[in-house]
Amino acid sequence: MAMRNRAPGIVPGRLSDDDLAVNFGDLHPAYAAHEASVAADRCYFCHDAPCVTACPTGIDIPLFIREIQTGVPEAAARTIFDQNILGGMCARVCPTETLCEEACVRQAAEGKPVEIGRLQRYATDTLMRTGTHPFTRAAPTGKTVAVVGAGPAGLACAHRLALLGHDVVIHEARAKPGGLNEFGIAAYKSTDGFAAAEVDWLLKIGGIRIEPGQALGQGLTLDGLVAGFDAVFLSVGLAGVNALRAEGAAKAGVVPAVDFIAGLRQAQDLSTLPIGRDVVVIGGGMTAVDAAVQSRLLGAETVTMAYRRDQAAMGASQFEQDLAASKGVRLMFNVTPVSVHGNGSVAEVELAYTETRDGALVETGETVRLPADQVFVAIGQTLGDLPGGLDLDGGKIAVTGAGRTSVPGVWAGGDCASGGEDLTVTAVAEGRDAAMDIHSMLSA
Amino acid sequence: MADLTSDFVGIRSPNPFWLASAPPTDKEYNVRRAFEAGWGGVVWKTLGAEGPPIVNVNGPRYGVVHGADRRVLGLNNIELITDRPLEVNLEEIARVKADYPDRALVVSIMVPCEEAAWKAILPRVAETGADGIELNFGCPHGMSERGMGSAVGQVPEYIEMVTRWCKQHYDKPVIVKLTPNITDIRYPARAAKNGGADAVSLINTVSSITSVNLDTFSPEPSIDGKGSHGGYCGPAVKPIALNMVAEIARDPEMKGLPISGIGGVTTWRDAAEFMALGAGNVQVCTAAMTYGFKVVQEMIAGLSDWMNRNGHGTVSDVVGRAVPNVTDWQYLNLNYVAKAKIDQEACIKCGRCFAVCEDTSHQAIVMGPERVFEVDDAECVACNLCVDVCPVEDCISMVQVAPGEVDPRTGKTVDAAYGNWTMHPNNPLSKAAE
């Protein structure tokens, strides 16, 4: 690192352009062909493979790896896309260490799983590089489905419906489609505009129209959609964020981590993106890690992740924790913010130590103050305002079966719907399965 | 410490690892490097008759079969015998032998099937001071179309005839190298013995096409769009070679005929297996052509360690040790009953044993909850397929059912007595059926 701007406060250009380019390069660089073949050779082609069971979209992993082994990565990609049309993004962002790769028998045997995620990327990249789309639409059915939200669930649902011959209109609140693939997720997991390119590629199926700038409550009503379409799929994500409940939390410099990440993902020039010298991230999930690591990569001198429970309870996987630590993020456990100090802007965060007593998390009475000119809050997201009539379950839209809501003709999936982890791959599975359910309903 | 010194038909070498007659032994430069690397002996690449040298193709000579990670499992070649002038080879042989008196240096020869041709070359080879000759009756490509190589090796009468000429016109050991491209290796081997051969060496390469280019539809290696069968060698041919070595070693007619084992020897373990099946030494080619001459150091160290561990003092202590255990199928003990047993601690739950048993064998493995795989003794015929496909060493083993216990598959008590097919009641020719 040639240069590091240690100016106090929240300033841009802490690192040189070269350092930024290195820092935000691909976290897992793509395999070269020979690397892929060596990695593929490690797969045992298990019977009823545990990796498939562990994959929320149920990709036939041994089959696609065998297709890579035998020199037909495009066939491997089709195997992947049959189950997961966003297999390219999932190859980049899936926490494989807690899904397929954790289940890999070579993890049990040697502590070193087959690198399924990188192999999936090799296959999907190979096919997507050709610019072709591997699926052809069925004959038009004359049915039209409204999808609300162009994130992973909405896109997966729309693609499957279009494939089956239905016409789809996706209503998207933002100017660009992609949802968290475009606006969330650490930049080093989706480089070179991959999220946008993937959406363009997915839309080649035809029959999908995206209407930007439209959201429920902003020009759209659920009743209107139900009346105007043959079915409705809600994939609106979690628009709200849990606010920091600490004294002084309203001070300047305290912002939701998702906003910081979205800004970073959309920045044309990272050297213009301001970042604090001392950053504190509140939270222990993937979003917290993404914010913390990217703060370091932008040149923050100290970055601390403060999590209120112990390490075992942390939402971020061990891989993510190790990644954060390797980038110089300090992980603090059993600390909870009680106060944000500073004159107008944040200058320090005061954390209270916690412990678990009789199953309840309590403060011990000790506190510690960390210097902070920027605080990112990543303590969970919420559904936000929704039209009435939909039953909720645990703060999410209640669904049964393949995403059926309490309102007839309305399905929901992705982070906004109950059930499943809040992962891209889970959203894809839910979108796909809802599409199949909608299709069978429309075909009846 | 184990003594690796080898004495093969009176030819001494510091270890039993010789380089086979092949591209690595075509000239002085290579052979000197081989000896420096530690090879005990070399069989010089086959010499042809005096005259215009042999011509090789000018396109690719080798084809390959790869395993995982491009590991070479088999090579195939269409190279002919040496394409350098006879005089040059003879001068080099003499120089190298003079400089390495402790190493074995045997000269491979292939000349037309006429006594005059052999009579002409043998004295010249003798002049080099080489330790012996090996008759190349094996190469399956090119030379065979001209009536030499495997064209001779496939006709026992020719083998016997040429061997006899060589014994008449040459006074050092004559080793006859055999082709595997025949139906029963014992016939050419017996012919060699009858002709007076001091030893046989085998196998030469197996006729083969390694692959087809699916864009051009040319066999590989491709010469201007065409391919020709070549000679296959390397780890892939080892099982074929082991069987042929054993067939000769256990043939009463050939009792005591020394064998030089060739065919896919890649590690010390391969060498030990060849020797256990009756080979007095081994010859290596593909391993050197894959990894270079240095592999001999692993072979020497490994063989030495194994001999030390098992109390084998000399190479001859090992030679032939497995031969009494090679028998015909009809003499295998049908009263020996085993069952597969899966070590649940070692199992990584890949389920391959289940897949192959369920789909292709006897439905004797049961998949339970939590991917626990267990053997159903009532179905298991002890075929060993599960053992073979299990990726974990020693996870599945074949455990003998003790005599006196009931085999749940047959419902019969396991008999302690030996009983083979010749004695079996289902055998119409059974002697013990009464």
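Below, chain A is the first sequence line, B the second, and so on; all start at residue 1.
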**OP:** Taking heavy atoms only and a threshold strictly under 4.5 Å, list by residue number the residues of residues 366-376 of chain B that touch chain A; give 'none' if the list is empty.
**Re:** B/Met367, B/Arg371

Original post:
Counting only heavy atoms not in A/Glu421, do more than 12 sit closer than 6.0 Å to its CD atom?
Top reply: no

Original post:
Is it the case that more than 12 heavy atoms not belonging to B/Lys341 sit under 6.0 Å from its NZ atom?
Top reply: no

Original post:
Considering only heavy atoms, which portion of A/Pro62 lies under 4.5 Å from any heavy atom of chain B: side chain, backbone, both, or neither?
Top reply: neither

Subject >> Least distance between heavy atoms, B/Gly351 atom then A/His47 atom >> reply: O-CB, 3.2 Å

**OP:** Would you please go through residues 216-239 of chain B and name the residues with a non-hydrogen atom below 4.5 Å from one of chain A, in numerical order?
**Re:** none

Original post:
What are the residues of residues 57-75 of chain B, in order of number, with any heavy atom under 4.5 angstrom from a heavy atom of chain A?
Top reply: B/Ala68, B/Asp69, B/Arg70

Original post:
Using non-hydrogen atoms and a limit below 4.5 Å, what part of residues 29-45 of chain A faces chain B?
Top reply: A/His34, A/Val38, A/Asp41, A/Tyr44, A/Phe45

Original post:
Taking everything shown except A/Arg137 itself, do over 12 heavy atoms lie less than 6.0 Å from its CZ?
Top reply: yes

